[in-house]
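Worksheet: one structure, shown below.
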Amino acid sequence: MDTWPVNQRFFAVTTFIECKSIITVQRNFRRQFNIPVGGNVPSRNSILDWYHTFQNTGSVLTTYKGRQKSVRTPENIERVRQAIDQSPQCSARRHSQSLNLFITIKNNVYVE
């Protein structure tokens with residue numbers, strides 16, 4: 001979990017853009033936010049992640065990288081029902097892949 005506030009991430013990224021040095025970013029970060037020696041400053045990987053995110057999206061906010069959840073709509077329910085009717089021998093995993101949906105089974109019934 002990322003615990004750094006947006007203003008601190010932004011400071012780290014803009015400092016890195018100016019100087020291209022992780023050590024300088026960490027030193028300036030410590031000074032800017034009054035963090036004592038030995039205190040917690042962003043790691044090299046955090047700074048580089050924020051920088052690459054900023055380059056790609058123009059923002060320092062972290063995007064969710066997990067699986068997208070399917071929306072349980074009448075259309076999707078009908079698609080699953082038709083797929084099962086057409087090939088009942090297929091596994092839930094195969095149906096899920098072919099329909100591009102996340103499907104689980106509860107009590108021997110497909111649940112989207």
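Residue indices begin at 1 and follow the sequence shown.
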Exercise for the section: Decide yes or no for Trp4 and Trp50: does some side-chain heavy atom of the first lie under 4.5 Å from some side-chain heavy atom of the second? Expected result: yes
Handout entry: Counterpart residues, salt bridge (charged side-chain N to carboxylate O under 4.0 Å, His left out), relative to Glu78 (two or more places apart)
Key =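 Counting only residues at least two positions away or on another chain, Glu78 forms a salt bridge (charged side-chain N to carboxylate O under 4.0 Å, His left out) with Arg81.
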Within this structure, what is the [atom1]-[atom2] distance for the pair [X] and [Y], rounded to the nearest 0.5 Å?
X	Y	atom1	atom2	value
Gln86	Ser98	CD	OG	9.5 Å
Leu48	Gln55	CG	CD	10.0 Å
Leu99	Gln82	CG	CD	9.5 Å

Side-chain polar contacts of residues 27-38 - donor-acceptor pairs under 3.5 angstrom, sequence neighbours left out - could you list them?
from  : atom 1 : to    : atom 2 : distance (Å)
Asn28 : OD1    : Arg31 : NH1    : 2.8
Arg30 : NH1    : Pro36 : O      : 2.8

Donor-acceptor contacts, no H, no angles, side chain residues 17-25, under 3.5 Å, sequence neighbours left out:
from  : atom 1 : to    : atom 2 : distance (Å)
Lys20 : NZ     : Tyr51 : OH     : 3.1
Ser21 : OG     : Thr24 : N      : 3.2
Ser21 : OG     : Thr24 : OG1    : 3.0

Give a yes or no answer on whether the side chain of [X] reaches the backbone of [Y] with a donor-acceptor pair at less than 3.5 Å.
X	Y	value
Ser87	Cys90	no
Thr15	Phe11	yes
Ser59	Leu61	yes

Fill in the blank from the handout: Arg44 and Gln26 have their tightest heavy-atom pair at N-NE2, 3.9 Å
